[in-house]
Number of protein chains: 2
Amino acid sequence: MNNAVPSSASRKVTLNDVARLAGVSVATASKALNGRKQVRAETRARVVEAAEQLSFSPNELARSLLADRTGTVGLLTNDLEGRFSIPILMGAEDAFGADSVAVFLCDARGDAIREKHHVHALLSRRVDGLIVVGSRTDPRPSLGRELPVPVVYAYAPSEDPDDLSIVVDNVGAGRSAVDHLVSTGRSRIAHISGDPTYGASQERAQGALAALADHGLELVGEARFGSWTESWGRAAASMLLGQHPELDAILCGSDQVARGVMDALREHGRTVPDDVAVMGFDNWEIFTSGARPALTSVDMNFERLGRVAAQRLFAAIDGEPRSGVEALDTRVVIRGSTVPG
Amino acid sequence: MNNAVPSSASRKVTLNDVARLAGVSVATASKALNGRKQVRAETRARVVEAAEQLSFSPNELARSLLADRTGTVGLLTNDLEGRFSIPILMGAEDAFGADSVAVFLCDARGDAIREKHHVHALLSRRVDGLIVVGSRTDPRPSLGRELPVPVVYAYAPSEDPDDLSIVVDNVGAGRSAVDHLVSTGRSRIAHISGDPTYGASQERAQGALAALADHGLELVGEARFGSWTESWGRAAASMLLGQHPELDAILCGSDQVARGVMDALREHGRTVPDDVAVMGFDNWEIFTSGARPALTSVDMNFERLGRVAAQRLFAAIDGEPRSGVEALDTRVVIRGSTVPG
DNA sequence: GAAAGTGCCGAAAAGGCTTTCTGTGACCGT
DNA sequence: ACGGTCACAGAAAGCCTTTTCGGCACTTTC
């Protein structure tokens with residue numbers, strides 16, 4: 001308000017300042033700093049020193065305006081407090097290699113209007129590409145084909161098969177879970193999953209059944225669906241134990257459900273893993289490590305998902321678009337709830 | 001490579017195109033679209049229609065270059081997978097009102113080098129300000145006073161008292177926790193906290209002791225410190241119950257610890273809340289709601305923290321800087337683990 | 001009926017940078 | 001000594017938008 005003192009901080013040093021200090025033109029200064037060839041070594045040195053002395057940092061805005069590339073991508077999520085976007089974001093950050101690219105993060109909170117708004121805001125800031133992260137694995141509407149930048153869908157695939165989507169192989173995850181249980185000698189395996197309206201729970205169950213069939217086995221009782229909560233796990237496990245006391249393993253739809261299941265087992269006097277093996281999905285560390293014993297779980301490799309999505313986005317930006325759904329495999333993390341010791 | 005077909009997407013429509021289609025100059029087009037006064041209504045309408053027809057979206061880069069404001073802030077965190085940055089980010093997004101401001105998110109992962117790098121990258125993209133989120137409540141090094149944009153520290157305060165830091169009032173949180181327990185008729189209160197090297201655990205304990213003193217009470221036994229884990233909670237509670245079976249409440253340093261404590265209580269045949277009340281800190285919903293009964297906890301109001309940080313940052317950008325540490329109060333969320341029913 | 005005022009529009013500059021193109025002097029070959 | 005390279009530096013255009021300023025055609029005022 002009162003004076004124009006620039007907040008006592010180094011104000012706006014531009015290439016012009018550098019050039020003046022080095023006694024050259026801006027053109028030469030630019031070329032010197034960017035390693036262009038048409039500059040004498042001695043001149044370049046002078047410019048570089050001037051730049052350092054002024055701690056010059058080029059204005060990326062101006063640069064982007066010219067280059068028509070901002071080195072910026074938008075990450076549009078619907079799951080900010082959730083489990084998926086954050087590891088995916090970290091993977092993406094890794095893949096981008098923080099040098100060159102920065103990530104704009106927006107949360108649409110499941111609202112299509114807000115999503116449109118964010119897309120528009122991101123585009124007007126001229127992001128080079130978009131990653132869209134869904135909150136569940138079910139297909140989601142495409143942003144459309146008319147966007148001026150490439151888009152990669154992560155976790156939740158796009159409904160449009162011409163888009164590129166990177167997802168988790170939930171069927172394979174179900175298979176590998178059963179494979180693991182069978183490999184530890186279990187044969188009377190039950191399944192308590194989560195919310196039946198989620199594609200993830202259906203797919204995991206489907207994979208588990210397929211694997212059981214491959215091993216010549218059948219599920220103990222029916223697969224049970226409820227919600228992704230501990231209390232559902234407890235309730236379902238209690239019922240299950242009453243009806244099928246012979247079971248020797250319970251495959252749970254998520255780590256949270258598994259925690260509830262383990263609680264119920266303990267209350268029923270069953271021991272884990274000697275008597276009954278338990279495993280979950282997601283490998284959410286705060287749940288797996290707090291369990292007694294620590295919980296075996298299928299890791300969804302979200303960081304890798306983020307990395308792959310970022311790589312694909314890069315490729316598309318560089319003119320190598322792909323389309324279709326790419327499913328990434330998962331990984332069983334073995335802990336005490338399935339193997340003793 | 002081969003052809004110049006613009007990826008089958010609407011390529012780069014500029015104000016120039018709009019102006020040409022509307023039959024006016026770019027200057028007029030700009031004024032028309034920005035609601036400036038010096039344009040006839042009829043002309044304005046023509047421009048607006050042309051803009052819509054071409055689905056024109058102004059290039060924020062050019063605009064920012066001119067205005068020397070980007071409508072962009074950087075959020076620098078060290079806790080991406082953790083508990084704090086995300087709600088803070090959401091609060092900040094809220095406060096900014098997604099219209100005008102977008103957030104660059106960077107994770108320094110506790111590495112000072114990486115942090116410097118990110119700061120530089122954000123500054124070269126000309127963010128209008130920075131929010132720095134720490135991973136624990138202990139003071140952290142300042143980014144320095146020479147930055148060209150305002151900085152607000154959130155959760156972890158800056159070591160430099162001339163910086164502005166927004167933190168949680170952990171002492172007050174400890175006080176209000178004890179106040180709640182006392183108000184439900186408890187008088188033999190024990191405290192099992194987390195990692196003693198964290199300022200948060202010390203401050204919460206300190207607040208709890210002060211409140212007890214105010215009520216003419218003393219802690220049952222000593223405050224016990226360990227780690228922020230369920231297993232520590234179980235172990236500590238078992239010991240505690242052996243030494244002080246008379247206790248009627250356990251205040252836990254975090255919700256995770258509280259979960260462990262509740263497990264131990266159940267195994268010792270103690271009931272919650274009738275026999276022993278339990279409460280935690282953080283109000284991490286996945287822990288509080290899974291507990292039996294649901295866990296009373298002190299909510300740290302992270303979203304509000306984010307909102308306030310964003311508001312202060314805005315004020316600073318607009319030339320109203322503050323400094324010092326601003327502590328925000330917390331809020332007890334009462335559930336079944338302290339009151340029956 | 002001339003001077004002043006009004007309403008609307010466009011030319012041009014600005015913002016910081018990169019790139020192309022032009023220019024200059026040094027050096028080469030003949 | 002002269003045309004031709006070559007190495008290097010600078011002028012200027014361009015990216016897209018906003019804003020200032022001047023201009024133009026009117027209308028109002030005495």
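Labels below follow one simple rule: chain letters A, B, ... track the order of the sequence lines, proteins then strands, and each chain is numbered from 1. The figures that follow rest on heavy atoms only: side chains count, while hydrogens, waters and symmetry mates do not.
OP1 or OP2 of dC8(D) has not a single side-chain nitrogen or oxygen of T43(A) nearer than 4.0 Å.
Side-chain contact, T77(B) with S85(B): a donor N or O sits under 3.5 Å from an acceptor N or O. D163(B) and S142(B) are linked by a side-chain donor-acceptor pair at a separation below 3.5 angstrom, with hydrogens and angles left out of the test.
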Counting primed atoms plus P, OP1 and OP2 as sugar-phosphate and everything else as base, spell out the protein contacts along nucleotides 11-21 of chain D at 4.0 Å heavy-atom distance: B, S or - for each nucleotide, 5' to 3'.
BB-BBBBBBB-
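Taken to the nearest 0.5 Å, the CD atom of E115(B) stands 13.5 Å off from the CZ atom of R109(B).
Between V119(B) and L147(B) there is a side-chain heavy-atom pair separated by less than 4.5 Å. Within the 4.5 Å cutoff, no side-chain heavy atoms of V73(B) are placed close to those of F104(B).
Regarding D17(A), its CG atom lies at a distance of 12 Å from the P atom of dG15(C), rounded to whole Å.
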